[in-house]
Peer 1: 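Take a look at this one; I'll ask things after.
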Amino acid sequence: MAPSPIVAIGASHASVQLATSLRQAGYSGDIVIVGAEPHLPYNRPPLSKTLLTQQISFDKTLLRQQSFYGKHNIQLKLGARVKSISRECSQVTLDSGETISYSKLVIATGADPIVLNLPGEQLEGIGYLRNYDDTQSLMPYIKEGKSAVVVGGGYIGLETAAALCKAGMVVTVLEGMERVLQRVTSPEISAFYTKAHVTRGVNIVTNAQAIEFVGRHRVEAVKCSNGESYPADMVVIGVGVRPNTALATDAGLNVDNGINIDEFGRTNDPDIFAIGDCTNFPCHFTNTRIRLESVPNAVEQAKSAAAYICGKELPYQALPWFWSDQYDLKLQIAGINTGFDDIVILGNMEDEQVSAWYFAGDRLLAVDAINSTKDFIKAKQLLSEGQSISKQALKQQ
Amino acid sequence: MIKIRIIDPDGNEYETQTDVGGNLMTVATDNLIPGIDAECGGACSCATCHVYINDPKQLQLLGEKSDVEHMLLDYLDTKRENSRLACQVNLTDKQDGLVVHVAPQT
Ligand SMILES: Cc1cc2nc3c(=O)[nH]c(=O)nc-3n(C[C@H](O)[C@H](O)[C@H](O)COP(=O)(O)OP(=O)(O)OC[C@H]3O[C@@H](n4cnc5c(N)ncnc54)[C@H](O)[C@@H]3O)c2cc1C
Ligand code: FES
């Protein structure tokens, strides 16, 4: 009997890289990727940037061409959801009842949006933004001159606001906290983005929690904790995500704000790995366990897991980095700024060319670079090599 | 169909065939070429699709780099005069026979 395939759950950034790395390493056994979405695996970042407003076609966002999978003997089972994992039998069961045995199992189930469950949320014109299908249901409501409310001022919310504004909509962002991007960046950079949006005509309201959606069939307004009501022909909600860990929990794997893995992607079952947005891992740079929602993170974890499965140790030690595109503002982030106590700002806020260098004591932690690719590359190199730079030297540049 | 030869950082050679109209990054990822991670999916943000085009004539045929591509390449340690980001290289009939060297990863 042929050995069982390597099975990956979830057909997206993490598992496509896994399959790629397995084949590059010479693994010639079967690979099966089971994905709940009906589409060929695609790039998720464009959803809130260019895809929502149809500046690019879906074809252009595919992670690989269709022919790739056949050519490299990677079996895709799309539109199929894994219902349960049986560790005793080393097999997964799909919604359809079909079972697939595995030699190694890789969980790459990603994350799903946190659902608000507010009154009126079932009204037409309200949506979340995680999948290609989400953009399809929102698209009919994107019309020049109409009003849009974006609930949540994180990166995805702000990118969506920028895209809708560019499409000619009248956009309001409702952020529940004191400032946009509060969880991820400094007050200085939050202020920069607030100004950038306001200058371009987006209304940003902070300390404002959505409490109810109002309308007959279609949404017409969003009621807010500050007593105001904001007109809305459409609403996009982006208030964060939760890792998809239910399968792992049910199978008795260790889960704590993400599936617990080590630097090789291993869970507490030697035959089961987890990679990407669904994981919680020991970060080489912060020396803590963290969970990240980023493509580079999914790609690097996939490489480590694939290497380990092929008998090679390649611990995940790559520097976390991230990007966000809003209007003509290209943000690139190197490192993780958690715990910073000082910040050095270079460049010019007015010219919209700035970088924020985050320090803990004398140690450089991270850099947010806006239209400052040079600073991003420099910081990425320094941080990757475990080096710092003195604040003095920076300020003299 | 055009033919493109890609040489990875370890010197392994790959003969690939592709339709015109796509970009060079896609050809590399579809052919499992090591060293092209294309993490940003072609958004010109990551520089994980860095290649060299050694033949000056072929390099010229690819046209000018955009400002963003310039910026991203300019500060890489591994940058050379003949550097390009594969995701920004669109393929036409003129690229038949193109020879591409993948840059080492930094
Ligand atoms: C709008 C938006 C913009 C973004 N922008 C950026 C950006 O600019 N830069 C960046 O680095 N990152 C960005 N991200 C984050 C990035 O997309 C994720 O980090 C990345 O997609 C993670 O990949 P993954 O493979 O781990 O999981 P996902 O991409 O979430 O894929 C998981 C897949 O698993 C499937 N699945 C779940 N459960 C099951 C099951 N039981 N059976 C079968 N299939 C299942 C899901 O349907 C999904 O298709 C963005 C995300 C969104 C939503
Ligand atoms: S794929 Fe990211 S710059 Fe080319």
Side-chain angles (χ1 to χ4, degrees), chain A residues 13 16-17 19-26 41-46 49-50 56 59-69 71-72 74 294-300 302-303 318-319 321-325 328 330-333 353 369 371-381 384-385, chain B residues 1 6 8-10 12 14-50 65-79 83 85-88 90-91 102-106:
Chain A
H13 289 276
V16 169
Q17 182 63 47
T20 298
S21 298
L22 285 171
R23 288 292 181 238
Q24 282 173 343
Y42 56 90
N43 263 295
R44 231 168 265 286
K49 300 177 178 74
T50 44
I56 51 165
D59 279 5
K60 294 272 178 230
T61 72
L62 294 181
L63 286 173
R64 301 287 188 272
Q65 302 306 303
Q66 174 143 33
S67 55
F68 167 84
Y69 302 97
K71 192 158 135 196
H72 303 293
I74 297 160
S294 86
V295 171
N297 179 61
V299 167
E300 295 300 334
K303 286 190 197 169
L319 182 78
W321 73 275
F322 188 75
W323 76 93
S324 172
D325 295 335
D328 48 352
K330 203 172 190 62
L331 167 70
Q332 290 157 303
I333 304 173
Q353 219 175 57
N371 289 345
S372 307
T373 298
K374 176 179 163 207
D375 289 355
F376 167 69
I377 301 272
K378 182 169 172 185
K380 202 172 169 212
Q381 278 165 356
S384 296
E385 287 159 14
Chain B
M1 280 288 205
I6 308 181
D8 77 15
D10 293 332
N12 304 310
Y14 305 78
E15 297 291 345
T16 71
Q17 284 204 351
T18 183
D19 291 327
V20 297
N23 71 57
L24 184 57
M25 176 270 277
T26 320
V27 179
T29 51
D30 279 346
N31 285 283
L32 294 173
I33 314 284
I36 303 278
D37 286 346
E39 290 183 348
C40 78
C44 210
S45 291
C46 71
T48 61
C49 65
H50 180 193
K65 296 194 269 275
S66 70
D67 288 350
V68 186
E69 184 180 351
H70 256 299
M71 271 204 287
L72 200 51
L73 280 171
D74 265 355
Y75 305 101
L76 292 179
D77 283 349
T78 47
K79 187 215 166 189
S83 284
L85 293 176
C87 68
Q88 304 302 307
N90 293 321
L91 299 173
V102 178
Q105 277 182 309
T106 49

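Throughout, protein chains are lettered first and strands after them, A, B, ... in sequence-line order, and every chain is numbered starting at 1. Computed from heavy atoms alone, side chains included, the values below leave out hydrogens, waters and symmetry copies.
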Peer 1: Could you tell me which portion of B:Thr26 (side chain, backbone, both or neither) has an atom closer than 4.5 angstrom to a non-hydrogen atom of chain A?
Peer 2: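 For B:Thr26, the side chain is the part near chain A, not the backbone.
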Peer 1: Which of residues 30-39 of chain B have a heavy atom under 4.5 Å from any heavy atom of chain A?
Peer 2: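 Answer by number: B:Asp30, B:Asn31, B:Leu32, B:Ile33, B:Pro34, B:Asp37, B:Glu39.
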Peer 1: Atom CZ in A:Phe322, atom SG in B:Cys40: separation rounded to 0.5 Å?
Peer 2: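 Here the rounded value is 12.5 Å.
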Peer 1: Quick check on A:Pro45 against chain B: is it the side chain, the backbone, both or neither that has a heavy atom closer than 4.5 Å?
Peer 2: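 No part of it gets close to chain B.
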Peer 1: What pair of heavy atoms forms the shortest contact from B:Ser45 to A:Phe376, and how long is it?
Peer 2: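 Taking B:Ser45 first and A:Phe376 second, the nearest heavy atoms are O-CE2, 4.3 Å.
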Peer 1: With a 6.0 Å cut-off (strictly less than), is the heavy-atom count around CG of B:Asp67, excluding the residue itself, greater than 12?
Peer 2: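 No, CG of B:Asp67 has 12 or fewer neighbouring heavy atoms, counting only those of other groups under 6.0 Å.
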Peer 1: Counting heavy-atom pairs under 4.5 Å with chain B, which one of A:His13, A:Gln24, A:Arg23 comes out on top?
Peer 2: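 Top option by heavy-atom pairs under 4.5 Å: A:Gln24.
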Peer 1: For B:Lys79, what residues pass the side chain to side chain donor-acceptor pair (under 3.5 Å) criterion, not counting sequence neighbours?
Peer 2: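 B:Asp74.
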Peer 1: For the residue pair A:Leu63 and B:Thr29, what are the closest heavy atoms and their distance?
Peer 2: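 That closest heavy-atom pairing would be O-OG1, 4.5 Å.
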Peer 1: Within this structure, what is the CE-CG distance for the pair B:Met71 and A:Asn371, rounded to the nearest 0.5 Å?
Peer 2: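 One gets 6.5 Å once the value is rounded to the nearest 0.5 Å.
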Peer 1: For A:Arg64, give me all partners under side chain to side chain donor-acceptor pair (under 3.5 Å), at least two apart in sequence or on another chain.
Peer 2: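 A:Arg64: side chain to side chain donor-acceptor pair (under 3.5 Å) contacts with A:Thr20.
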Peer 1: Quick one: are B:Leu72 and A:Gln332 in side-chain contact, heavy atoms under 4.5 Å?
Peer 2: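 Yes - at least one pair of side-chain heavy atoms lies under 4.5 Å apart.
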Peer 1: Using a 4.5 angstrom heavy-atom cutoff, name the option from A:Lys303, A:Lys71, A:Gln65, A:Lys60 with the most pairs to chain B.
Peer 2: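 Among A:Lys303, A:Lys71, A:Gln65, A:Lys60, the one with the most close pairs to chain B is A:Gln65.
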Peer 1: Under the side-chain contact (heavy atoms from CB on, under 4.5 Å) rule, collect the residues that match up with B:Gln17, sequence neighbours excluded.
Peer 2: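 Listed in chain order: B:Met1, B:Lys3.
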Peer 1: Which atoms of A:Lys330 come close to chain B, meaning under 4.5 Å heavy atom to heavy atom: side chain ones, backbone ones, both, or neither?
Peer 2: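 Only the side chain of A:Lys330 comes within 4.5 Å of chain B.
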